[in-house]
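Written below as structure tokens is the structure these notes are about.
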Amino acid sequence: MPLLEIDQPDKKSPFLFTEAVTTAAAATGSDNQSKDFHSLSKEEQNVLLDHVASEFANDPKAMERLAAKFLQEVTPNDFNTVPVQPQAGFVCKTKVEQSKTNKYKPGTKVYINICHAEAIPRPPVANEDEIQKALNADPKATYRVPLSMGQARYDDNSSSLIMDACIHTQPYMRAERDLDFRLYIIELAIEFVEEIESVDLSREFTMPNLQSKGTIPQRMLRLPKPALISAVKKHKPSIKKEQLIKSEVSINKKGDHLIIVVPDMPSVNPSSWTLDIEPSQILIGGIGSMLKTIKLPQLIDVQHKENEVKFYKKSKELVIQLRLIPRRQFL
């Protein structure tokens with residue numbers, strides 16, 4: 001989801017849309033939208049549309065209902081102002097090839113800090129095929145990584161432009177270990193800088209041995225309140241008792257691993273429920289029930305070879321062993 005920087009309200013920000021989002025927005029009929037929606041700034045309208053798109057990915061059947069109600073009922077009071085302190089990650093160094101204004105000369109050095117924060121919305125849940133479509137610039141790709149671009153900064157002698165591109169910690173961790181995904185994030189950040197600063201940047205870049213160029217400042221973001229979508233959803237359907245995960249989940253640390261035990265799984269047939277493991281949480285769904293979210297006390301390495309999942313049919317227990325990411329990686 002694109003994010004709003006409240007300290008630059010007059011500045012046009014780039015928002016990346018998929019064909020599905022624009023089609024859904026058109027389906028609601030712009031002439032039928034309320035005056036409250038049109039009273040919002042262009043940035044607020046865009047961030048709301050992208051917020052709805054993220055919900056559609058999780059609940060496709062709700063598209064028509066959400067588009068018809070949500071976009072007509074929102075006001076500026078439906079946004080929260082959130083302070084965010086990005087954490088340093090890695091740096092991309094490139095240069096200006098051409099400027100559409102006289103602000104930058106060709107050859108001006110540009111440093112893009114790729115940083116991360118838990119407060120930034122995470123990408124929608126997607127399978128690996130969808131992620132690969134995005135990495136390969138497939139026009140039909142629906143996966144995207146929300147990115148918040150900070151204000152332009154300059155080094156001490158004002159000869160280099162510095163930009164801070166902040167994403168959620170989850171995709172950042174994948175960018176650390178997946179070169180193709182890292183290149184995707186860098187390209188996304190470069191496109192944002194080009195749009196904001198009206199420049200063309202070189203794709204021949206280097207990656208200095210730095211976590212950040214300069215100190216990354218705190219920023220204030222305008223985000224839709226979490227209750228926006230739930231406020232217009234219909235009442236939740238009743239869930240049969242046997243479909244629920246009834247008992248408490250246990251999480252224990254054993255050496256370099258987390259051991260998660262989920263008792264009373266909703267079925268002895270693993271094909272009837274889903275399991276999605278993320279760096280900071282586990283999502284379990286079963287036989288049409290709502291997703292159960294298990295928050296993890298420490299980030300784990302999703303792709304580590306020692307990760308293991310076992311299901312015991314007799315006791316209906318799901319035992320998950322996950323390799324922890326050493327804390328020193330965040331120092």
Side-chain angles (χ1 to χ4, degrees), residues 2-3 5 11 13-14 16 84-117 120 123 131-138 141 143-219 279 299 301-303 325-326 328-331:
L3 308 177
E5 305 285 352
K11 196 166 194 176
S13 299
L16 305 182
V84 176
Q85 177 57 64
Q87 302 300 307
F90 54 88
V91 180
C92 167
K93 179 183 177 183
T94 184
K95 64 182 178 180
V96 173
E97 289 192 332
Q98 182 179 350
S99 177
K100 299 174 185 177
T101 66
N102 295 324
K103 190 174 181 180
Y104 303 104
K105 296 180 180 179
T108 299
K109 295 178 183 178
V110 179
Y111 293 89
I112 305 176
N113 291 324
I114 307 298
C115 46
H116 61 98
I120 304 296
I131 295 175
Q132 290 301 320
K133 286 181 182 179
L135 269 56
N136 294 319
D138 188 326
Y143 177 83
R144 61 167 168 250
V145 175
L147 185 150
S148 167
M149 187 66 71
Q151 288 187 305
R153 301 187 289 115
Y154 305 91
D155 60 9
D156 293 336
N157 57 13
S158 300
S159 63
S160 300
L161 169 64
I162 304 173
M163 302 292 289
D164 305 311
C166 190
I167 59 177
H168 188 272
T169 302
Q170 177 197 26
Y172 169 78
M173 294 303 300
R174 174 161 179 166
E176 282 279 17
R177 66 177 184 269
D178 184 332
L179 178 59
D180 288 338
F181 196 83
R182 176 180 290 211
L183 294 176
Y184 166 73
I185 295 297
I186 290 174
E187 175 62 26
L188 180 65
I190 287 176
E191 291 179 3
F192 265 62
V193 174
E194 289 179 324
E195 180 70 20
I196 293 172
E197 297 299 320
S198 299
V199 294
D200 292 331
L201 299 181
S202 172
R203 264 41 179 194
E204 295 182 2
F205 58 84
T206 59
M207 299 190 65
N209 188 24
L210 299 170
Q211 287 189 312
S212 69
K213 177 69 172 177
T215 302
I216 302 173
Q218 187 184 66
R219 64 187 65 181
L299 293 178
D301 185 345
V302 175
Q303 296 186 345
I325 295 177
R328 62 177 178 272
Q329 291 188 15
F330 301 96
L331 299 179

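Residues passing the side chain to side chain contact (heavy atoms under 4.5 Å, CB included) test with Ser202 are Thr94, Lys95, Glu97, Glu204, sequence neighbours excluded. Evaluation of the side chain to side chain contact (heavy atoms under 4.5 Å, CB included) rule for Thr206 yields Lys93, Pro208 as partners, not counting sequence neighbours. Every side chain to side chain contact (heavy atoms under 4.5 Å, CB included) that Ser160 has, sequence neighbours left out, goes to Lys109, Tyr111, Asp155. Listed by chain and number, the residues in a side chain to side chain donor-acceptor pair (under 3.5 Å) with Asn136 amount to none (sequence neighbours excluded). Residues passing the side chain to side chain contact (heavy atoms under 4.5 Å, CB included) test with Glu187 are Glu191, Arg203, sequence neighbours excluded.
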Practice item. Walk me through it: do Met149 and Glu195 pass the test side chain to side chain contact (heavy atoms under 4.5 Å, CB included)? Key: CA-CA 11 Å; Met149 187 66 71; Glu195 180 70 20; over 6 Å; no

Exercise for review: Before giving the answer on side chain to side chain contact (heavy atoms under 4.5 Å, CB included), spell out for Val145 and Tyr184 the whole-Å C-alpha distance, their side-chain angles and the decisive distance to 0.1 Å.
Suggested key: CA-CA 10 Å; Val145 175; Tyr184 166 73; 3.7 Å; yes

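Arg177 contributes no side-chain N or O that, together with a main-chain N or O of Gln303, makes up a donor-acceptor pair within less than 3.5 Å. Side chain of Gln85 to main chain of Ile216: a donor-acceptor pair is present (N/O by atom type, distance under 3.5 Å, no hydrogens or angles). One N or O on the side chain of Glu194 and one on the backbone of Leu201 form a donor-acceptor pair closer than 3.5 Å.
Taking 4.5 Å as the limit, every side-chain heavy atom of Thr108 sits out of range of all side-chain heavy atoms of Val199. Side-chain contact between Val96 and Glu197 is absent, with no heavy-atom pair separated by less than 4.5 Å. Using a 4.5 Å heavy-atom cutoff, the side chains of Phe181 and Ile131 are in contact. Side-chain contact between Ile162 and Tyr154 is absent, with no heavy atoms from C-beta onward closer than 4.5 Å.
In terms of heavy atoms, Ile112 sits closest to Ala165 at CG2-CB, 4.2 Å. Nearest heavy atoms, Cys166 versus Ile120: SG-CG1, 3.7 Å. The nearest pair of heavy atoms linking Pro217 to Pro86 is O-CD, 3.6 Å. In terms of heavy atoms, Gly150 sits closest to Met163 at O-CE, 3.6 Å. Across every non-hydrogen atom of Leu183 and Phe205, the tightest pair is CD2-CZ, 3.8 Å. Closest of all the heavy-atom pairs between Tyr143 and Ala134 is O-CB, 3.6 Å.
The CG atom of Leu135 sits 6.0 Å away from atom CG of Asp180, with the distance rounded to the nearest 0.5 Å. For the atom pair OG of Ser148 and CD1 of Ile167, the computed distance is 11.0 Å after rounding to the nearest 0.5 Å. To the nearest 0.5 Å, atom CD1 of residue Ile185 and atom CD1 of residue Ile114 are 7.5 Å apart. Here the straight-line distance linking atom CD of Gln132 with atom CG of Asp138 works out to 11.0 Å at 0.5 Å rounding. The distance from atom CZ of Phe90 to atom CG of Asn113, rounded to the nearest 0.5 Å, is 10.0 Å.
The environment of CG in Asn157 is crowded: more than 12 heavy-atom neighbours from other residues, nucleotides or ligands sit within 6.0 Å.
Annotation: salt bridge (charged side-chain N to carboxylate O under 4.0 Å, His left out) contacts involving residues 163-176, sequence neighbours excluded, comprise Glu128-Arg174, Arg153-Asp164, Arg174-Asp178, Glu176-Arg182.
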